Amino acid sequence: MSRTLRTMAVALGTILLATPAFAAPGDGAVTFSASFGAGLAILGAGFGFAKIGGSALESIARQPEAAGDIRGAMIIIAALLEGITFFALIVCFAMGVK
């Protein structure tokens with residue numbers, strides 16, 4: 001899928017999702033649910049894990065003798081990313097419960 005087509009799809013999806021929110025009656029404040037925040041956290045973590053894995057595999061392919069060091073660094077970074085993601089999920093759900 002080309003980059004332009006992806007950008008257009010994201011823009012169209014944003015417009016379709018945002019239109020009902022802006023058309024809702026009330027004081028004009030747009031609020032998002034905890035599930036929306038959790039979805040964004042999971043999406044960000046997915047992109048992060050993909051970037052970590054892809055970069056590590058590329059590095060190992062370039063320097064196979066450093067595979068152990070690269071793998072260790074990758075696991076540490078992935079663990080930190082997972083911890084941040086869990087924290088974001090907890091914050092999203094804590095803010096959603098009122």
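Everything numeric here is computed off the predicted structure, so don't read it as measured data.
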Inset, instruction - Measure the spacing between CD1 of Ile70 and CD1 of Ile75 and express it to the nearest 0.5 Å. - result: 12.5 Å
Legend entry - Inter-residue atom distance Ile76.CD1 - Leu81.CG, 0.5 Å rounding: 14.0 Å
Legend entry - Closest non-hydrogen atom pair between Gly53 and Met74, with its separation: CA-SD, 4.3 Å
Legend entry - Distance (rounded to the nearest 0.5 Å) between Leu40 CG and Leu89 CG: 11.0 Å
Legend entry - From Phe49 atom CZ to Ile42 atom CD1, the distance as rounded to the nearest 0.5 Å: 9.0 Å
Legend entry - Contact summary for Phe93 and Ala38, nearest pair of heavy atoms: CZ-CB, 3.9 Å
Inset, instruction - Identify the two heavy atoms, one from Thr85 and one from Ala41, that lie closest to each other, and give their separation to 0.1 Å. - result: CG2-O, 4.1 Å
Inset, instruction - Would you list the pairs meeting side chain to side chain donor-acceptor pair (under 3.5 Å) in which at least one residue belongs to residues 52-77, sequence neighbours left out? - result: Glu58-Arg62
Legend entry - Shared-cluster residues of Met8, by chain and number - hydrophobic side chains joined below 4.5 Å: none
